[in-house]
Amino acid sequence: QKLIRLDMTEYADGSGLQKLLGTDGKRDPGALAIAVQQNPSAVVLFDELEKASQMVKNALMPLLDEGRLTTSYGLVLDFTNTIVIATSNAGSDFIRTQVQSGAAVASFERQLVDQLISKGIFLTEFINRFDGVVVFTPLSPAEVEAVVTLQVSALKNRLYKDKGITIDFAPTVLTTLAKKGYDPVFGARALQRVMANDLETVIAKKIISES
């Protein structure tokens, strides 16, 4: 409820800055202005920040530096009670290559940041305004299986709450779902689809056939 998520792929073109910060306080206040005014104490997530236009990234610098941002129509947005997080897939291929070679994150973290700067994805002054850069490595098979366990647990609870049905799964089911739902390149993005097709649909058909 306290998370403001902005998909930065929506702010990639020339109109990105206008969509984010608006042009008029009443008719076109901008997505960020609306969100922060409605929820001034929140976690602000700029998702896939590398996709945003350079104009948008430049405009965000005062926010990261001073905790305030002025819209194009003069409204000052206060971010002093927010936590600002940005995610980025930039450099994911480099990270995967390094991890596969056995390198520890600490040994290539600086090289990764330098690479993002040299490629013009982020400016040095932009990166330096963040308190920290956290490198996430690809999920291990055990971690994917842990995700599956959580999702299966949520499904079991939902079935019991909505249908009064108690269901148990063999450990091999969790392992099979984890293997099928994980890809070294795309991570666990396919997991939801596998859960829906290979588990939820099967259970739903069983419920219908016995009703």
Side-chain angles (χ1 to χ4, degrees), residues 2-99 103 105-139 183 185-189:
K2 290 292 183 179
L3 177 66
I4 298 170
R5 176 186 174 273
L6 294 167
D7 182 354
M8 301 312 286
T9 59
E10 298 178 12
Y11 307 95
D13 58 20
S15 65
L17 188 59
Q18 178 180 318
K19 288 190 286 187
L20 190 68
L21 295 180
T23 58
D24 183 276
K26 293 183 178 180
R27 291 176 294 178
D28 180 24
L32 185 57
I34 293 171
V36 174
Q37 284 182 293
Q38 291 177 344
N39 206 346
S41 300
V43 175
V44 181
L45 170 62
F46 296 110
D47 202 10
E48 295 194 82
L49 183 58
E50 79 279 8
K51 302 288 178 61
S53 70
Q54 190 57 53
M55 289 179 64
V56 168
K57 295 173 192 172
N58 291 342
L60 293 177
M61 285 194 195
L63 183 166
L64 300 171
D65 198 29
E66 304 160 7
R68 287 178 172 79
L69 186 63
T70 304
T71 67
S72 57
Y73 51 90
L75 175 67
V76 177
L77 302 176
D78 185 1
F79 290 85
T80 54
N81 293 312
T82 66
I83 296 172
V84 178
I85 301 173
T87 65
S88 173
N89 289 321
S92 58
D93 291 339
F94 175 78
I95 295 170
R96 186 163 49 251
T97 300
Q98 293 295 317
V99 170
V105 170
S107 69
F108 65 81
E109 190 169 6
R110 184 68 252 176
Q111 186 182 354
L112 169 64
V113 173
D114 289 343
Q115 189 180 95
L116 298 179
I117 293 171
S118 65
K119 289 183 176 180
I121 297 172
F122 298 116
L123 298 177
T124 304
E125 55 268 35
F126 184 76
I127 289 283
N128 288 342
R129 278 172 166 79
F130 284 94
D131 292 332
V133 176
V134 181
V135 178
F136 285 88
T137 57
L139 294 173
D183 182 274
V185 176
F186 298 105
R189 289 181 183 273

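Just so it is clear, the model here is predicted, and its values are computed rather than measured. Atom set for the values below is all heavy atoms of this structure, side chains included, hydrogens, waters and symmetry mates excluded.
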Where [X] and [Y] come nearest, the two heavy atoms and their spacing:
X: L49; Y: A86; result: CD2-CB, 3.6 Å
X: S15; Y: D13; result: OG-OD1, 2.8 Å
X: A42; Y: N39; result: CB-O, 3.6 Å
X: A31; Y: Y11; result: CB-OH, 3.4 Å
X: S53; Y: A12; result: CB-O, 3.5 Å
X: A59; Y: L69; result: O-CD1, 2.9 Å

[X] side, atom [atom1]; [Y] side, atom [atom2] - distance, nearest 0.5 Å:
X: R5; Y: D7; atom1: CZ; atom2: CG; answer: 5.0 Å
X: Q98; Y: I95; atom1: CD; atom2: CD1; answer: 9.5 Å
X: D114; Y: E109; atom1: CG; atom2: CD; answer: 11.0 Å
X: L21; Y: L63; atom1: CG; atom2: CG; answer: 9.0 Å
X: E50; Y: K57; atom1: CD; atom2: NZ; answer: 7.5 Å
X: D65; Y: L60; atom1: CG; atom2: CG; answer: 12.0 Å

Donor-acceptor list for residues 121-132 side chains, cut-off 3.5 Å, not counting sequence neighbours:
residue: N128; atom: ND2; partner: T124; partner atom: O; Å: 3.3
residue: R129; atom: NH1; partner: E125; partner atom: O; Å: 2.9

Can you tell me if CD1 on I83 sees more than 12 non-hydrogen neighbours from other groups inside 6.0 Å? no
Test side chain to side chain donor-acceptor pair (under 3.5 Å), reference D78, set T82, N81, T80, output is T80
Looking at Y73 and P29, would you say the former's side chain and the latter's main chain have a donor-acceptor pair under 3.5 Å? yes
Apply side chain to side chain contact (heavy atoms under 4.5 Å, CB included) to the pair I4 and Q38, showing each step before the final yes or no. CA-CA 10 Å; I4 298 170; Q38 291 177 344; over 6 Å; no
Pair T9-E48, side-chain donor/acceptor within less than 3.5 Å: no
